[in-house]
Each structure stands twice: as C-alpha cells, then as structure tokens.
2 protein chains.
Amino acid sequence: MTTMANMEDHPAPPGAPAERAGPAESGVEATRLSLIEAGLKLFGSKGFEASSTREIARTADANIASIGYHFGGKEGLRLACAQHVASHIWKIASAAAALARFPQDDNSPSPDQARAAVLTFAGAMVRGILGDERTLPMIDFVIREIANPSPTLDMVYRSVIDPMHRRVCGLWGLATGRDGESEAVRLAVFAAIGQIMYFRIAREIILRRMDWSGYDEAAIAAIAGEVVACVEASLDRLSPGGRTGEAS
Amino acid sequence: MTTMANMEDHPAPPGAPAERAGPAESGVEATRLSLIEAGLKLFGSKGFEASSTREIARTADANIASIGYHFGGKEGLRLACAQHVASHIWKIASAAAALARFPQDDNSPSPDQARAAVLTFAGAMVRGILGDERTLPMIDFVIREIANPSPTLDMVYRSVIDPMHRRVCGLWGLATGRDGESEAVRLAVFAAIGQIMYFRIAREIILRRMDWSGYDEAAIAAIAGEVVACVEASLDRLSPGGRTGEAS
DNA sequence: TGCAATTAATCAGTCGTTTGATTAATTCAA
DNA sequence: TTGAATTAATCAAACGACTGATTAATTGCA
C-alpha cells in the first residue's frame with residue numbers, strides 16, 4: 001500500500017454535503033450512489049456532453065435537481081464518478097495483483113518469479129477489462145476521460161494510473177534485470193497496456209472483422225493468449241540473454 | 001487495386017450538390033472544404049456533440065446556414081468528414097504501402113520480402129499516426145467515431161479499415177507461412193494496430209509518465225522501435241520454424 | 001435575367017441550473 | 001415523553017441560454 005495515492009485530498013464538489021463517515025448503506029445515500037452509477041453508465045456509453053442531466057436523473061430514478069444538490073452540477077457528478085471509479089479500479093487491480101502473486105514491498109522476488117507475475121497479471125488485465133461485465137462501465141468511462149484531458153483525468157491518473165504503472169514497471173524491471181523506471185521498460189508497459197485497451201476501444205470493429213458476436217470466453221482466451229505472448233516476447237527482448245537482437 | 005473498396009457507392013448526404021468531377025479548388029467549393037476541415041478539427045478534438053454548428057461555422061469562417069445547405073445538417077457534415085477522411089487516409093496508406101514495397105497482386109513475394117514489408121509498414125504507420133501533424137485531426141476524428149458506433153463508422157470501416165486490415169493480414173500470412181485470414185493472424189494484426197493507436201489515444205497520459213513534452217522525433221523513434229520489435233516477435237511466434245527464412 | 005451561394009434573422013426545442021414548496025428525519029428544551 | 005424548531009432531501013416547475021434547423025432576402029457570377 002506504500003505506492004497508493006492518497007484519495008482523501010480531493011476537495012468535495014461545491015454544494016455537496018459533508019462526507020458521511022458512518023454507514024453509507026443508510027438508504028439516504030442511495031440517491032447519491034444511484035446517480036453516480038447512472039452517470040458512469042451514460043458518460044461511458046454516450047460521452048459526457050451527449051448525456052443530459054434529465055436522462056441521468058431518469059436512469060437513476062431521481063429528480064433532476066438532486067444532481068445539483070448532491071454534486072453541485074453535472075461536472076461535479078463527473079468528478080464523483082471518477083472518484084468512484086478510482087477507488088473501485090484500485091480494488092480490482094489489487095485483487096489482480098494478489099492473484100499474480102505480486103511481490104511484497106520488502107522481499108525482492110527472483111526474475112523468474114517476477115516474470116511469472118507479469119504474465120499472470122497481463123492475463124488478469126485482459127479478463128478484467130474485456131470480460132467482467134460489472135467493470136465495463138468504469139472502463140468505458142476511463143477511456144472517454146483519457147481522450148478528453150480534464151481535472152477529472154488528473155485525479156484518475158494520480159490515484160490509479162500512475163501508481164499502477166509504476167508497480168508494473170518495477171516488476172517488469174525485476175523480470176528483465178533492468179531498471180523499472182528506464183525508458184525502455186516504461187514504454188514496453190504502455191505498449192502492452194495499449195494492446196489490451198484497444199481491444200476494448202475498437203470493440204465494434206474488432207468483433208466485425210473477427211466475425212465474433214461478442215467477447216465470449218473463447219474470444220477472451222484468444223486475446224489473452226495473443227497479449228501474453230507479446231508480453232513474453234517483450235520481456236525476452238529486454239532481458240540480457242534475450243534471443244533476438246536489440247532494436248535500433 | 002483489387003482489394004480496394006469502391007468509394008463511389010456511398011450515397012451523398014441529403015442536400016449536398018452533386019460531387020464535382022472537375023477542379024475542386026475553384027473557390028466555389030472553398031466553403032464546403034472549409035466546413036469539412038473545421039468539422040474534422042472540432043469533432044476530433046472535442047467530440048461530435050460538444051461541437052456546436054455555430055462554432056464550426058465560425059471556425060470555417062462561414063455562415064451557420066451553409067452547413068445545412070451543403071450537407072443537409074450537422075449529421076451530414078459528420079458523414080462528409082468521414083468520407084473526406086476515408087479518401088485521404090487511403091492515399092496515405094497507399095503511399096505507406098508503396099514505401100513498404102507492398103507486393104503487387106500478381107506476383108507472390110517471398111516470406112522475407114513480405115516480412116520486411118510488414119515491418120516497414122508498421123514503422124510508417126507509427127509515424128503517420130503519431131508524427132504527421134496534418135493527419136492528426138483525421139486520426140482523432142476516426143478514434144472518436146470508433147468509440148461511437150454509427151452509420152459513419154460503417155462507411156469508414158468498409159472503405160478503409162476492412163480493406164487495409166485484409167491487405168496487412170495477407171502480407172502477414174505470407175511472412176509467416178500461414179493463412180492471412182486465419183484467426184491468429186487477424187488477431188495479431190489488431191494487437192499491433194492497437195499498440196500504435198493507443199499511443200495516440202492515451203497521448204496525454206503517456207507523455208506525462210514518459211516525461212515527454214510531445215511526440216518529437218526521438219519519442220516517435222522509440223515508439224516505432226518498440227512496436228516494430230513487437231511485430232517482429234509476433235511474426236516469429238506465428239512462423240513455423242522461427243526466423244530462418246525458408247521458401248515454401 | 002437566372003441560378004447557385006451566402007446572409008441575417010428567427011424557429012421550436014433542449015440544455016444545465018435554479019427556485020420555492022413539501023416531506024422526512026433529527027434535535028432539543030420542557 | 002412530549003411537541004415545536006431545525007435540518008436534510010426530494011419534488012414539480014420554471015429560468016435564461018444555447019442547440020440545430022429553417023426561413024426569406026440578398027449577393028454575385030455566368
């Protein structure tokens with residue numbers, strides 16, 4: 001948890017009541033959560049500008065004015081959605097990290113251990129981004145935010161993207177015997193992530209060309225195999241005893 | 001040219017005058033082209049819904065009503081932008097293909113020739129998508145359209161994406177000795193394209209993490225090196241006996 | 001003159017936001 | 001335990017601003 005960014009230092013949106021430290025399931029917060037989920041769904045599928053506050057309120061089964069009351073406005077709801085996604089994705093990533101047997105902060109794993117962890121994590125990422133129906137609205141939301149630089153993106157970057165990327169880079173470095181913060185490693189990690197994300201972004205096109213009706217288990221297995229193989233090749237290339245020559 | 005989709009069979013947008021076969025620089029078409037370029041720029045940078053017709057007209061230095069007159073409306077301008085992009089990207093891709101010494105339709109190149117063509121093409125794609133300032137609005141426009149399935153996307157897919165993907169797959173198949181339309185090859189090509197596209201989509205994040213101020217020549221060279229190495233590894237993996245080039 | 005192109009002005013509709021009223025829940029002196 | 005006072009939350013309704021689209025009048029070239 002040492003690399004996790006502090007998520008408490010983001011100011012509450014104007015007009016929002018003080019954060020309740022007590023139970024959040026009290027039913028009073030139901031409207032708040034419902035609006036966030038509706039915003040997440042609509043912002044992710046149609047985009048921020050294309051989603052009207054009326055449709056959000058209708059989807060959340062709430063009154064239009066509740067958006068202004070709880071979040072100060074549409075932009076405040078956007079930020080609240082980002083915060084919701086940030087905390088949630090971090091949990092998912094932590095679970096994936098645990099599944100991949102990420103090294104603890106204290107003991108350094110062997111290169112083989114690190115390599116196995118990277119490969120397992122890559123497969124988990126594919127399934128988490130493409131397969132898990134519950135996280136899809138969040139992934140789509142983040143993808144939209146990535147394309148539109150905004151204060152919301154800053155928050156997601158600092159609280160999720162940057163610490164996760166650093167962590168994977170560290171592991172990547174251990175697996176290849178290189179400095180995890182070297183340019184080559186940072187770039188290789190982005191290239192791998194890009195492969196996975198694009199399968200989500202260009203979903204409609206890929207399904208069409210692959211003649212798939214959706215990302216079922218077989219499709220995800222095929223994609224995961226492709227990605228993992230590519231990661232493996234990238235690890236080999238950066239390792240001192242790799243089989244192919246260095247790139248120019 | 002046998003694989004090139006016919007770009008003439010797309011219906012003209014309602015209200016648009018018949019396509020001029022003669023000179024398009026005649027000054028009469030200046031407004032039309034100016035509107036398309038303004039739409040391309042705004043749709044690509046802010047999104048379709050976030051771009052108002054008034055801002056488009058102002059950017060194009062034209063009257064608001066000219067959008068309706070020339071394209072039938074905002075949606076018509078969107079389609080016209082897509083057509084403009086389709087024809088333009090096809091030219092660029094053809095140039096890149098020529099640069100990569102794409103095989104002609106009649107003679108089958110050797111696996112080594114095909115391999116070299118794929119690698120050269122990959123590098124050209126990186127530079128065309130990330131480096132060329134003139135094509136950036138078009139790339140951004142296509143990326144936005146890809147995220148929002150629409151009739152416009154259908155046109156771009158059929159006229160550009162599908163034929164180009166098939167062509168690369170064919171070459172990829174020749175380089176690896178596999179069927180270019182096999183699932184493995186089609187998937188590998190999408191994975192490679194995804195790497196490149198993500199470097200554009202997540203530009204702001206990548207620049208931040210890489211500590212770059214922009215995609216200058218050094219950055220693009222680094223990205224191209226990463227992508228080409230990944231493509232090389234993918235080709236090796238799909239080839240029956242590894243990299244040794246035996247003729248089949 | 002004839003017609004394609006452009007212009008200013010206006011249309012009905014939707015946008016995000018705000019209002020004042022109303023209900024539900026909580027507080028606190030008596 | 002009462003009952004009035006306060007607060008939190010929701011509601012229908014409306015606000016001004018802006019949306020895309022359309023009109024009728026005007027321009028300018030052939």
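Reminder, nothing fancy here: chain letters follow the sequence lines and each chain counts from 1.
The distance between atom CD of A/E55 and atom C1' of C/dC15, rounded to the nearest whole Å, is 13 Å. What separates CG of B/D61 from C1' of C/dA5 is a distance of 15 Å, to the nearest Å. Whole-Å rounding puts the A/F71 CZ to D/dA9 C1' distance at 13 Å. As rounded to whole Å, 16 Å separates atom C1' of D/dA9 from atom CG of A/L33.
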Donor-acceptor pairs under 3.5 angstrom involving side-chain atoms of residues 56-66 of chain B: please list them, not counting sequence neighbours.
from: B/T59; atom 1: OG1; to: B/E55; atom 2: O; distance (Å): 2.7
from: B/N63; atom 1: OD1; to: B/A65; atom 2: N; distance (Å): 2.9
from: B/S66; atom 1: OG; to: B/N63; atom 2: O; distance (Å): 2.3

Distance-only donor-acceptor pairs under 3.5 Å for side chains of residues 130-142 of chain B, two or more places apart:
from: B/D132; atom 1: OD1; to: B/R134; atom 2: N; distance (Å): 3.0
from: B/D132; atom 1: OD1; to: B/R134; atom 2: NE; distance (Å): 3.2
from: B/D132; atom 1: OD2; to: B/R134; atom 2: NH2; distance (Å): 3.1
from: B/T135; atom 1: OG1; to: B/G128; atom 2: O; distance (Å): 2.9
from: B/T135; atom 1: OG1; to: B/D132; atom 2: O; distance (Å): 3.1
from: B/D140; atom 1: OD1; to: B/R200; atom 2: NE; distance (Å): 2.8
from: B/D140; atom 1: OD1; to: B/R200; atom 2: NH2; distance (Å): 3.3
from: B/D140; atom 1: OD2; to: B/R200; atom 2: NH2; distance (Å): 2.8

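Every residue was checked against the salt bridge (Lys or Arg N to Asp or Glu O under 4.0 Å) condition with A/R144, not counting sequence neighbours, and none meets it. Partners of B/R166 under the salt bridge (Lys or Arg N to Asp or Glu O under 4.0 Å) rule, at least two apart in sequence or in another chain, are B/D162, B/E181. Looking at residues two or more places apart in sequence or on another chain, you find no side chain to side chain donor-acceptor pair (under 3.5 Å) involving A/H84. Checked against side chain to side chain donor-acceptor pair (under 3.5 Å), B/E75 has the following partners two or more places apart in sequence or in another chain: B/R78.
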Provide a list of protein-nucleic acid N or O atom pairs under 3.5 angstrom, restricted to nucleotides 27-30 of chain D.
none

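Listed pair A/H70 / D/dA8 fails the phosphate criterion, with no side-chain N or O lying under 4.0 Å from OP1 or OP2. The phosphate of D/dT10 (OP1 or OP2) has a side-chain N or O of A/T31 nearer than 4.0 angstrom.
For residues 195-224 of chain A, there are no ring pair (Phe, Tyr, Trp, His ring centres under 6.0 Å) pairs, not counting sequence neighbours.
Annotation for A/K41: atom NZ does not count as buried by contact number, only 12 or fewer foreign heavy atoms lying within 6.0 Å.
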**Request:** Produce a footprint string for nucleotides 12-23 of chain D: one letter per nucleotide, 5' end first; B if the base is under 4.0 Å from any protein heavy atom, S if only the sugar-phosphate is, - if neither.
**Result:** B-B----BBBBB

